[in-house]
Amino acid sequence: MINIKKAYYYFFYKIYKSIEYTSTLVGGNFLTDFKTGLVILTLELWFLGSFLNYYSIIYDIKLNITAKSPILLITLFLICILNYFSFIHTDIWKKYNNEFDNLPIFKNKKGSFIVWSIVIFIILNFFISAYLLQRYVLKM
């Protein structure tokens with residue numbers, strides 16, 4: 001369980017450092033932790049959306065999920081609560097960020113590759129599943 005938690009904080013750390021770097025370049029270095037939380041929330045929702053899309057494709061059904069659907073609102077609420085208590089409510093992520101800053105360069109580069117591979121996989125997977133859903137199930 002500790003390794004999963006640490007991996008989650010490392011994922012946050014890499015996204016945080018990326019947003020911090022790009023925000024500094026364009027002069028918008030504020031609310032970096034909020035922006036990072038928003039990115040992670042989006043990735044989590046796209047990951048969940050991919051599962052729902054593949055479920056629809058496999059069982060050849062159309063799920064009627066709207067913005068007011070209880071399943072969507074409850075899931076969104078639970079994910080927001082998880083992120084809030086993991087990152088915003090406590091400053092434990094700052095301790096982890098300091099720990100991750102002290103990792104050897106090779107380990108940090110390897111971690112960056114893994115994190116960005118996961119991010120790219122989630123994004124591509126979501127849009128591919130949405131395309132397949134539109135093509136095969138929604139034509140009914």
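For the pair Tyr10/Glu99, no side-chain contact is recorded, criterion being any heavy-atom separation below 4.5 Å from C-beta on.
Within the structure, salt bridge (charged side-chain N to carboxylate O under 4.0 Å, His left out) pairs that include any residue of residues 11-36 comprise Lys17-Glu20, Lys17-Asp101 (at least two apart or interchain).
Scanning for ring-ring contact (aromatic ring centres under 6.0 Å, His included) contacts around Tyr21 gives an empty result, with sequence neighbours left out. Residues forming a ring-ring contact (aromatic ring centres under 6.0 Å, His included) with Tyr59 (at least two apart in sequence, or on another chain): Tyr55. Under the rule for a side-chain contact (heavy atoms from CB on, under 4.5 Å), the partners of Lys107 that lie at least two apart in sequence or sit in another chain are Leu103, Pro104. Listed by chain and residue number, Tyr13, Tyr16, Trp93 satisfy the side-chain contact (heavy atoms from CB on, under 4.5 Å) test with Asn97 (two or more places apart in sequence, or in another chain). The side-chain contact (heavy atoms from CB on, under 4.5 Å) test applied to Phe113 returns Ser117, not counting sequence neighbours. A search for ring-ring contact (aromatic ring centres under 6.0 Å, His included) contacts involving Phe121 returns nothing, not counting sequence neighbours. Thr32 pairs by the side-chain hydrogen bond (donor to acceptor under 3.5 Å, both in side chains) definition with Asn29, not counting sequence neighbours. Listed by chain and number, the residues in a side-chain hydrogen bond (donor to acceptor under 3.5 Å, both in side chains) with Ser56 amount to none (sequence neighbours excluded). Remark: Tyr54 engages Asn125 in a side-chain hydrogen bond (donor to acceptor under 3.5 Å, both in side chains) (not counting sequence neighbours). With sequence neighbours excluded, no residue forms a ring-ring contact (aromatic ring centres under 6.0 Å, His included) with Tyr131.
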Side-chain donor-acceptor pairs under 3.5 Å in residues 39-46, sequence neighbours left out?
residue	atom	partner	partner atom	Å
Thr42	OG1	Leu38	O	2.9
Glu44	OE1	Asn83	ND2	3.0
Glu44	OE2	Tyr8	OH	2.6

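When each of Thr36, Ile114, Val119 is checked for a side-chain contact (heavy atoms from CB on, under 4.5 Å) with Phe11, only Val119 meets the rule.
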